[in-house]
Amino acid sequence: MTSTPEQGTTPARPPESLADLLGGRRGAVDATLPPVAFAAGWLLGGESLPLGVGAALVTGAAVAVWRWRRGQRPRSVLVGLLAVCVAALVALRTGRAEDFFLVQLVANAASALAWMVSIVIRWPLLGVLVGVALRQRGRWRRDPALLRAYGRGSWVWAATYLLRVAVFLPLWLGGQVVALTVARVALTWPLVATALAVSWVVVRRSLPAGHPGLRHPLDPATLAAPATTAHER
């Protein structure tokens, strides 16, 4: 008797990419809109800081409402809006338009440090994020191959934050508001897309032949138990 797809077999799903596991580029695209609105308002208003801040806040609020209506988590929506509000307050407090990007600069420096420290202490953040997405808790850490692969992949993400700091810092020191906006767009979603692709390739190529993949961590203790039992018999 031949089985049909409805009766016995289920079509195999294509393996999920790292982009699927980490949420894709939607958040990165949304993050570029308020800075672009800030620069546009600032320029159109004759380098008016209040107008630039107002444009950024209105755009940030519109993006938050749009994301919320599309069913995204309220916490994620509020964090994005809060980041825009803090950036606007910093710029208004200092009176310098380039300081609208100061929060982003500090956040990237802190993120670079966090990713590098996570690799050194053998809790690579890439593994933590994918482990949470796959509901693996800490099982992936018991697999030496996965731990090594996630460590190598995490260096790709650490490098993206270091690159942003290297680009943003001299532009911020020089007060280059338009250049900061262009850099923010260029080094947000295109860089995230590149990091997703490169880190996925690095992780996959770091795993030995025959490894079952990210969804199936191997526990050396579990694998050794049957062999020991068979030998004793």
Side-chain angles (χ1 to χ4, degrees), residues 12-32 72-73 75-77 79-80 83 103-169 184 186-228:
R13 292 187 305 170
E16 286 182 303
S17 68
L18 199 58
D20 297 325
L21 296 176
L22 297 183
R25 298 188 297 266
R26 183 190 306 165
V29 174
D30 293 347
T32 64
Q72 293 193 25
R73 294 179 179 179
R75 184 174 60 181
S76 172
V77 172
V79 166
V103 172
Q104 183 72 13
L105 175 59
V106 173
N108 276 280
S111 297
L113 181 61
W115 279 82
M116 290 188 291
V117 168
S118 77
I119 299 167
V120 172
I121 65 174
R122 296 177 63 80
W123 272 93
L125 281 176
L126 185 59
V128 174
L129 293 173
V130 177
V132 169
L134 297 180
R135 299 180 181 178
Q136 293 174 342
R137 296 185 180 178
R139 285 191 297 120
W140 58 273
R141 290 196 75 247
R142 295 196 289 269
D143 185 337
L146 266 183
L147 183 59
R148 181 173 59 252
Y150 283 138
R152 292 174 179 174
S154 293
W155 279 116
V156 176
W157 289 90
T160 64
Y161 293 110
L162 290 172
L163 175 61
R164 290 193 188 109
V165 172
V167 173
F168 290 161
L169 183 57
R184 174 74 182 270
L187 296 179
T188 302
W189 68 263
L191 189 58
V192 168
T194 303
L196 283 167
V198 173
S199 59
W200 173 246
V201 171
V202 168
V203 168
R204 293 296 298 171
R205 290 188 176 179
S206 297
L207 294 176
H211 193 282
L214 308 187
R215 291 185 173 276
H216 306 285
L218 299 177
D219 189 340
T222 307
L223 292 174
T228 306

*Could you tell me which residues satisfy side-chain hydrogen bond (donor to acceptor under 3.5 Å, both in side chains) with R142, sequence neighbours excluded, listed by chain and number?*
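Partners of R142 by the side-chain hydrogen bond (donor to acceptor under 3.5 Å, both in side chains) criterion, ordered by chain and then number, come out as D219.
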Please tell me whether D143 and H211 have a donor and an acceptor in their side chains that are separated by less than 3.5 angstrom.
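D143 vs H211: donor-acceptor pair found between side chains.
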- Would you check if L214 and W140 make a side-chain contact, meaning some heavy-atom pair closer than 4.5 Å?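 No, their side chains stay 4.5 Å or more apart.
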Could you tell me whether the side chain of S206 reaches within less than 4.5 Å of the side chain of R148, counting heavy atoms only?
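No, too far: nothing below the 4.5 Å cut-off.
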* To do: Indicate the atoms forming the closest heavy-atom contact of T160 with A195, along with that distance.
  =>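 Between these two residues, the closest heavy atoms are CG2-CB, 3.7 Å.
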Q.
Please give me the minimum heavy-atom distance between A145 and L207, naming the atom from each residue.
A.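 What the structure gives for the nearest pair is O-CD2, 3.8 Å.
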Would you give me the side-chain donor-acceptor pairs under 3.5 Å for residues 109-135, sequence neighbours excluded?
| unit_1 | atom_1 | unit_2 | atom_2 | d |
| --- | --- | --- | --- | --- |
| S111 | OG | A107 | O | 2.8 |
| S118 | OG | W115 | O | 2.7 |
| S118 | OG | L125 | N | 3.1 |

| said: If you count heavy atoms of other groups shown closer than 6.0 angstrom to CZ of R204, is the number above 12? | reply: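 No - once you tally the heavy atoms of other residues, nucleotides and ligands closer than 6.0 Å, there are 12 at most.
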Q: Enter the distance from L218:CG to R139:CZ here, rounded to the nearest 0.5 Å.
A: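 It comes to 10.5 Å.
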Show your reasoning for whether side chain to side chain contact (heavy atoms under 4.5 Å, CB included) applies to W157 and L196.
-> CA-CA 8 Å; W157 289 90; L196 283 167; 3.7 Å; yes
| said: Taking the six-membered ring of Y161 as reference, does the cationic atom of R164 (NZ for Lys, CZ for Arg) lie under 6.0 Å from its centre and within 45° of its axis? | reply: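 Output yes; distance and angle both within limits.
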